[in-house]
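Everything below concerns the one structure shown next.
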Amino acid sequence: ALKEFELTHPEKGFVKMSANLESWGLKPKLNINIEDGDVNFADYLFTKIISLKEELLANYDLDKIYLVIYGNLSKVTQAKDIVMQKLKFKLSNEGGNLINLEDFVSKIWGGILKISGNLVIDPMKFNAVFAYNNLDLTEFTKFLFEQNMIIPGRVSFNGRLYSKGESIN
């Protein structure tokens with residue numbers, strides 16, 4: 001059955017979403033649709049991913065459910081200095097600890113960031129390809145440096161990010 005709800009917090013923002021649990025076959029499927037939101041994280045998103053990993057491993061068995069999350073957020077702010085706008089994504093698992101990230105698109109620092117890849121929860125590894133198009137150099141240097149530096153121009157680049165564990169050892 002479809003359930004619609006909105007989560008709000010005076011400092012952390014709001015998320016409007018709906019959820020639907022389908023029970024057919026051997027594994028149920030939970031569909032979560034985040035329709036809109038304006039979310040503020042005190043830490044950077046990667047810090048949240050690590051803590052989410054620990055909670056998932058301790059409390060849930062992802063082998064027993066298919067999970068699909070469609071996200072559409074107006075604004076996500078991280079640690080007060082990274083602001084992503086018009087964030088869209090799809091997260092899913094195929095009934096295990098492999099999480100797929102598809103169609104991640106966000107406006108950040110005047111450009112468009114696109115990412116797709118996957119994350120293995122245990123042992124933690126990720127693999128992703130990305131493209132950053134039309135990055136505004138002046139906006140980006142405001143993030144990197146405390147003083148305002150005007151560097152006119154825009155740049156586009158792409159690449160691959162991957163890890164092989166939770167530490168550099």
Side-chain angles (χ1 to χ4, degrees), residues 1-122 124 126-136 139-140 142-143 158 161:
L2 183 66
K3 172 79 175 164
E4 295 183 10
F5 49 96
E6 184 170 318
L7 305 172
T8 60
H9 187 277
E11 296 171 8
K12 296 181 181 179
F14 79 94
V15 174
K16 182 179 178 184
M17 58 196 305
S18 61
N20 182 33
L21 181 62
E22 300 174 11
S23 181
W24 49 267
L26 297 175
K27 294 182 185 179
K29 180 180 179 184
L30 178 60
N31 295 298
I32 299 172
N33 184 20
I34 301 171
E35 298 163 10
D36 193 14
D38 184 339
V39 182
N40 300 301
F41 293 111
D43 297 321
Y44 292 105
L45 196 54
F46 293 116
T47 306
K48 294 293 183 192
I49 290 171
I50 297 295
S51 64
L52 177 61
K53 173 215 169 205
E54 298 301 326
E55 183 173 337
L56 284 173
L57 289 174
N59 300 313
Y60 301 99
D61 186 354
L62 292 177
D63 284 325
K64 295 182 179 178
I65 190 166
Y66 293 117
L67 177 65
V68 181
I69 302 172
Y70 298 94
N72 188 8
L73 298 161
S74 297
K75 185 177 172 185
V76 175
T77 305
Q78 300 177 50
K80 298 181 183 177
D81 57 1
I82 298 177
V83 179
M84 294 184 286
Q85 297 175 323
K86 299 180 181 179
L87 177 77
K88 295 182 181 185
F89 63 89
K90 177 185 174 189
L91 286 173
S92 63
N93 78 329
E94 296 298 324
N97 71 349
L98 175 66
I99 307 292
N100 296 308
L101 172 63
E102 303 172 49
D103 304 324
F104 177 99
V105 179
S106 178
K107 183 176 180 182
I108 182 171
W109 297 309
I112 302 293
L113 176 63
K114 296 180 180 183
I115 303 172
S116 64
N118 55 57
L119 170 71
V120 176
I121 296 176
D122 189 37
M124 187 170 242
F126 71 89
N127 184 19
V129 293
F130 71 93
Y132 202 131
N133 297 312
N134 214 22
L135 169 72
D136 183 313
E139 282 191 41
F140 185 63
K142 285 180 189 176
F143 165 72
N158 59 53
L161 299 170

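Ring-plane geometry between Tyr132 and Trp109 is classed as parallel, the angle between the planes falling under 30 degrees on a 0 to 90 degree scale with a further cut at 60.
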Would Ile108 and Val83 count as a side-chain contact (heavy atoms from CB on, under 4.5 Å) here? Give the steps. CA-CA 6 Å; Ile108 182 171; Val83 179; over 6 Å; no
Leu73 vs Asp38, side-chain contact (heavy atoms from CB on, under 4.5 Å): CA-CA, chis, key distance, verdict: CA-CA 6 Å; Leu73 298 161; Asp38 184 339; over 6 Å; no
Step by step, work out the side-chain contact (heavy atoms from CB on, under 4.5 Å) result for Leu161 and Phe130. CA-CA 8 Å; Leu161 299 170; Phe130 71 93; 4.0 Å; yes
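Residues Asn100 and Leu98 have side chains in contact (heavy-atom distance under 4.5 Å, counting atoms from C-beta outward). At a threshold of 4.5 Å between non-hydrogen side-chain atoms, the residues Leu101 and Ser116 do not count as touching. Counting heavy atoms from C-beta on, the side chains of Phe104 and Met84 come closer than 4.5 Å. Taking 4.5 Å as the limit, every side-chain heavy atom of Thr77 sits out of range of all side-chain heavy atoms of Ile82.
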Donor-acceptor contacts under 3.5 Å from residues 29-37 side chains, at least two apart:
residue, atom, partner, partner atom, Å
Asn31, ND2, Glu22, OE2, 3.0
Glu35, OE2, Ser18, OG, 3.2
Asp36, OD1, Ser74, N, 3.4
Asp36, OD1, Ser74, OG, 2.5

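Taking both residues in full, the closest heavy atoms of Ala128 and Ile115 are given as CB-CG2, 4.0 Å, listed atom of the first, atom of the second, then distance. Heavy atoms only, all atoms of each residue included: Ile65 and Pro28 are closest at CG1-O, 3.2 Å. Across Ala131 and Asn158, no two heavy atoms sit closer than the pair CA-CB, 3.9 Å. Shortest non-hydrogen contact noted between Gly13 and Asn40 is N-ND2, 4.1 Å.
Taking NZ of Lys16 as the start and CZ of Phe14 as the end, the distance is 8.5 Å to the nearest 0.5 Å. Rounding to the nearest 0.5 angstrom, the gap separating the CD atom in Gln85 from the OG atom in Ser106 is 8.0 Å. The CG atom of Asn134 sits 9.5 Å away from the NZ atom of Lys107 when rounded to the nearest 0.5 Å.
For Glu102, the salt bridge (Lys or Arg N to Asp or Glu O under 4.0 Å) criterion is met by Lys90, not counting sequence neighbours.
Formation of a donor-acceptor pair under 3.5 Å by the Lys27 side chain with backbone atoms of Asp63 is found in this model. A donor-acceptor contact shorter than 3.5 Å is absent between the side chain of Asn93 and the backbone of Ile99.
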